[in-house]
Amino acid sequence: MPSLWSLLEQGVFNPQKERLLETVRVWKTGRRKKMSILCLVVNTFRPMQLFLVKVKADRGEQYKVAYRWPLAELKLVDGKTLDEGLWRSAWVCTRIEINEEKNSFSLLHPGQIKYICTASLEAKSQLQASLDFDLHLDKVYKWTTSSLDAKKTFIRCLWKLSHRYLAGSIAFVNVPSCAAEGRQRPQEDRKDPAEAESQEELNMYQEMTPKEAADVLKLMEEYEPLVNNSVVFAEQLSNDLRVLDEANLRAIISSEKQVTQLMSNIDEALAEVARVEETLQIYDELLGSVKHQMDHIHQENSLLHRIVSNKTRLMDEILFLTTQLNLSREHCDALSQADLSSPSRVKACIAAAEALSLCMNTQIHPGYRKLQSVAEQLIMFETLKQNFESSFISHITNIFELQGNAQVPALAQPIDKPSAPSHALHHEELVPYTPLMTWLRNANPVLFCDLPKVYAQNLSRLYDREIQAFFEQAKTFLLGRRKGSLQESLEKPITMGSRQQSRWSHPGSREGQEHTLDKGNIVMQILEQVLRELQPLCTTEQQFIEKFFQLSHDAADLEVSTSATKGEKSTASPEDPLRTKPWSQLEEPTTRLLSEIFRCLEPELRGFLDICNKIHPFGCLQVLVTLNDSIFEMWDSSSALPSSFLNTILGNMLLLAKSSFNKCIGTLCKEIEETRMPSKLKGGILPSVSRFEEFVNFSEEVFRTAQRRGELDKAHLRLASSVFNSINSLSSANLKVNTDMVMMENFHHIHCFLCQKMIHCLEDKKIEAKQRYSEHMKKYIITYLGQPLEKLNNFFEGVKARVAQGVKEEEVSFQLAYSKQELRKVIDKYPGKEVKRALETLYRKIHKDLSPEENLLPVVWHTMEQELIHQYQEFEELIQRCYTGSGIAMDFTVEDLLSYFSSITLSSM
């Protein structure tokens, strides 16, 4: 653990470039609870200065300086010591304590112990009073120490510093000179006889050193025979000691001259040392006066430097106040007049406002504000600021009102496309006031916050008129009529009803399809033009208000999130572009302001999209594709703002377009599923299939260049399922034609159509259509398969039934109804000519049932041929198994059947 000395040096004095000389723990006399430390320190600068420092200890052994006095201010040191005997008693007491700690009483004579204990008891009563001392500084400080030695050491250090550095200017009272100088008292040299005797006894009983013990052992070994006789051994040692004493005396007598010479040399050296000390004392006294004069000169120089420094600082502060708080007369006139009628005067007002802000934002000491001139100057600045604020707000508000009341220019001549008005002139009129808006925002944010609202309220009236006129113009282009007949055209909307959509029921109406596509292209073109005109209108206004009203830094978080959105564009789902544009953006200042300015934009755009949906049966497709493409185009455009207000509006419209599209598809699916088939249906392609085909053709043409088609794929799947359900419902309908034939043709038509379109999302439906087509063709063939050989077919069906019931095949001929005679009768009814005639009748019926558009007759006829041959082979096999050895055979062969089918096919070509 570091000592107190090192803690004080490292933590308190070394950082201040000071050196610690002495310390003592003290407390105020009578109040021991608050312990302090008195320190004597000297700084390391020239000339050196001495200080008396009072240090207090905080919590955690942290020391800090409480008071600091220059040592030159110390006038008197009172040691509170009454006589010299007290110092002797204290010394004796201290020695007693030391001996007690070392347990050394056993080495003292009993008489000495009695004397020491008595002296200790007498001194104990007076020792406590000797621990106090007083220091006379600016007032008298009374302190008490915990140790007499610490007090003596501290006073001794004070005495030395006073005589060495302060020419003995400090007076010492009640302090023995021997204690202050650090010398032993003469009385200690002249000890009383009892004490001398005690000291001699102590010396007699000194402990031997290891070397002396080794010499004794060696001597005892040398005189080992005599050791057993102690008397003889003692005599021998006495004789040897006598011989040594004689030798020492002779050596001393022989060296007496050298000793005398050495003593004389020592006396001469002591005399020389005394002369040197006297010379040094004279020099020290001479230099002491010089040092005192140099210290006085240094102090005077320090005072002169301080005076110069104070004058310099005062001059700097005066120059600072006179320059920083000075506003020129030109600026004061510009602010007081507040003339904003011309660009040059606006620039003068901008410069004056900026100069005023510099003056008012100058950081000055709080005490300077109490100066009358400074207070008057600040009051003048505040008055100029308030007056100019009022004038500027009144001027800019008048400009807002004039712009809001401006008239929309009428169209002088017909134009080729709808065009939105431009506000470039309005913005150019307000741009010169941007620095003043910045100044007002910083000077008075409360007044500034109302200006954007005033601007929005006034400009919204102008934008309402312009946007309404723009959409009226777009509606005129869309409907191809003038404004007076718009209402008439909208009162007769084109709905999805069967009567008004009769052209959708005729897939062969090429002219109707082309007319529909042309009208759809017009809708897309007009809508694209409208959105193309709205983009610069909204973007320019957004950029202007962000710059003019200093809203860009309020939307800094939005810009960061938008850049992150663009960076993650490749990872986001391409089917939902609005997922990265939350509706919470409307809470931002820029968007709230734009919502007020363009308050009529969303309702007008919604009404225009409703007209686009009504003007065409599937206008919702064009609206959906156009909105999607426009949003993607804005995102990719470098001129458009990523957080554009128009993007939010278009996002809302896109959600409505999706909803309208889904409703349209749902209505179409319901109409397809609920379509009633005419009772006189003669086959062919159903209206639901034609509707589906035309919708797919139209939608694929519309979505040909679209950047996303997720909604269309879902619609295709819904419509395909509805068409399949509509075809399946024919099985329960009371139709005069074969339902399998109608379902076969329609599924075949759907399969061919999907193979031609190659739509990825309908691959499963294409496979299902092929399966259903094959299934119903098989059912249709089986239905007519028994007609050419009906009785023969019935007979063998009965044979197979008997075998299935458990009758053995060789016993079937013993059944009365299936005997050999009955088989010969049935076979005789189907000669080759009769079979050929029946096949010709069947061919004519199939040709009558099948529609010529699908051209399924060759396929069905060929399949019928394969099935009939397979049936014939089955009959032959049954005859071989059940009528073995009967020699019964049919009148025609497989080759005959092939020739019949070939001749019928050739004759029909």
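These figures come from a predicted structure and were not determined experimentally. Positions are given from 1 along the sequence.
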Checklist entry - Taking the side chain as C-beta and beyond, is there a heavy-atom pair between Ile399 and Tyr433 under 4.5 Å? => result yes
Checklist entry - Under a 4.5 Å cut-off applied to non-hydrogen side-chain atoms, are Gln550 and Met437 in contact? => result no
Checklist entry - Where do Phe753 and Val689 land on the side chain to side chain contact (heavy atoms under 4.5 Å, CB included) test, with the steps shown first? => result CA-CA 10 Å; Phe753 175 72; Val689 177; over 6 Å; no
Item to check | Any residue meeting ring pair (Phe, Tyr, Trp, His ring centres under 6.0 Å) with Phe692, in chain and number order, not counting sequence neighbours | outcome: none
Checklist entry - Closest heavy-atom contact between Pro589 and Leu551? => result CB-CD2, 4.3 Å
Checklist entry - For Ala355, what residues pass the side chain to side chain contact (heavy atoms under 4.5 Å, CB included) criterion, not counting sequence neighbours? => result Leu327, His331
Item to check | Test side chain to side chain contact (heavy atoms under 4.5 Å, CB included) applied to Ile750 and Phe724, step by step | outcome: CA-CA 10 Å; Ile750 293 175; Phe724 278 38; 4.0 Å; yes
Item to check | Partner residues of Glu389 under the salt bridge (Lys or Arg N to Asp or Glu O under 4.0 Å) criterion, sequence neighbours left out | outcome: Lys385
Next on the checklist: Is there a side chain to side chain donor-acceptor pair (under 3.5 Å) between Lys765 and Ser721? Walk through the geometry before answering.
Outcome noted: CA-CA 8 Å; Lys765 293 296 181 180; Ser721 300; 3.2 Å; yes
Next on the checklist: Within the 3.5 Å criterion, strictly below it, is a donor on Gln468 or Glu472 matched to an acceptor on the partner's side chain?
Outcome noted: no
Next on the checklist: The test is side chain to side chain contact (heavy atoms under 4.5 Å, CB included); show your working for Phe549 and Thr590 and say whether it passes.
Outcome noted: CA-CA 9 Å; Phe549 293 107; Thr590 303; over 6 Å; no
Checklist entry - Has Lys670 got more than 12 heavy atoms of other residues, nucleotides or ligands less than 6.0 Å from its NZ? => result no
Checklist entry - Between atom CG of Leu719 and atom CZ of Arg691, what is the distance when rounded to the nearest 0.5 Å? => result 10.0 Å
Checklist entry - Can you name the ring pair (Phe, Tyr, Trp, His ring centres under 6.0 Å) partners of Phe392, sequence neighbours left out? => result none
Item to check | Validation row: Asn697, Lys757 side chains within 4.5 angstrom (heavy atoms) | outcome: yes
Item to check | Trace of the side chain to side chain contact (heavy atoms under 4.5 Å, CB included) decision for Phe400 with Leu430 | outcome: CA-CA 9 Å; Phe400 293 162; Leu430 293 173; 3.8 Å; yes
Item to check | Rounded distance (nearest 0.5 Å) linking atom CD1 of Ile597 with atom CD of Gln542 | outcome: 10.0 Å
Checklist entry - Is there a side-chain contact between Leu609 and Leu656 (heavy atoms, below 4.5 Å)? => result no
Next on the checklist: If I compare all heavy atoms of Asn613 with all of Ser660, which pair ends up nearest, and what's the gap?
Outcome noted: ND2-OG, 4.0 Å
Checklist entry - So, for Pro432 and Ile350, which heavy atoms are closest and what is the spacing to 0.1 Å? => result O-CD1, 3.7 Å
Checklist entry - Which heavy atom of Pro536 sits nearest a heavy atom of Thr540, and at what distance? => result O-OG1, 2.6 Å
Checklist entry - Is there a side-chain contact between Thr539 and Leu646, using heavy atoms and a 4.5 Å cut-off? => result no
Next on the checklist: Filter on salt bridge (charged side-chain N to carboxylate O under 4.0 Å, His left out), then keep only pairs touching residues 522-535, sequence neighbours left out; what's left?
Outcome noted: Glu528-Arg532
Checklist entry - Do you know which two heavy atoms are closest between Ser391 and Ala338, and how far apart they sit? => result CB-CB, 3.4 Å
Item to check | Partner residues of Gln377 under the side chain to side chain contact (heavy atoms under 4.5 Å, CB included) criterion, sequence neighbours left out | outcome: Leu325, Met380, Phe381
Checklist entry - Considering only heavy atoms from C-beta outward, does the side chain of Leu605 approach that of Leu650 to under 4.5 Å? => result yes
Checklist entry - So, Thr434 side chain and Val431 main chain: donor-acceptor pair closer than 3.5 Å or not? => result yes
Checklist entry - Quick one: side chain to side chain contact (heavy atoms under 4.5 Å, CB included) partners of Thr397, sequence neighbours excluded? => result Ile393, Glu401, Leu451, Val454
Checklist entry - Quick one: ring pair (Phe, Tyr, Trp, His ring centres under 6.0 Å) partners of Phe388, sequence neighbours excluded? => result Trp439
Next on the checklist: I need the Asp764 CG to Leu754 CG distance, nearest 0.5 Å.
Outcome noted: 11.0 Å
Next on the checklist: For the residue pair Tyr463 / Glu541, report whether a side-chain donor-acceptor contact shorter than 3.5 Å exists.
Outcome noted: yes
Checklist outcome for this item: Residue set satisfying side chain to side chain contact (heavy atoms under 4.5 Å, CB included) with Ser344, at least two apart, ordered chain then number -> Ser342
Next on the checklist: What's the separation between atom CD1 in Ile649 and atom SG in Cys538, rounded to the nearest 0.5 Å?
Outcome noted: 7.5 Å
Item to check | Spatial distance of atom SG (Cys755) from atom CG (Leu762) [nearest 0.5 Å] | outcome: 11.5 Å
Checklist entry - Side chains of Gln403 and His423: does their closest heavy-atom pair fall under 4.5 Å? => result no
Checklist entry - Is there any salt bridge (charged side-chain N to carboxylate O under 4.0 Å, His left out) pair reaching into residues 446-465, and which pairs are they, with sequence neighbours excluded? => result Asp464-Arg599
Next on the checklist: Please check this pair: side chain of Ser460 against backbone of Ala456, looking for a donor-acceptor N/O pair closer than 3.5 Å.
Outcome noted: yes
Checklist entry - Going by heavy atoms in the side chains, are Phe695 and Val723 under 4.5 Å from each other? => result no
Checklist entry - Out of curiosity, Cys349 SG to Asp339 CG, how far, rounded to the nearest 0.5 Å? => result 7.0 Å
Checklist outcome for this item: Heavy-atom closest pair (Ala353 atom, Leu436 atom, distance to 0.1 Å) is CB-CD2, 4.2 Å
Item to check | With sequence neighbours excluded, residues passing side chain to side chain donor-acceptor pair (under 3.5 Å) with Gln457 | outcome: none
Checklist outcome for this item: Taken in chain and number order and not counting sequence neighbours, the residues that satisfy ring pair (Phe, Tyr, Trp, His ring centres under 6.0 Å) with Phe544 are His427, Phe548
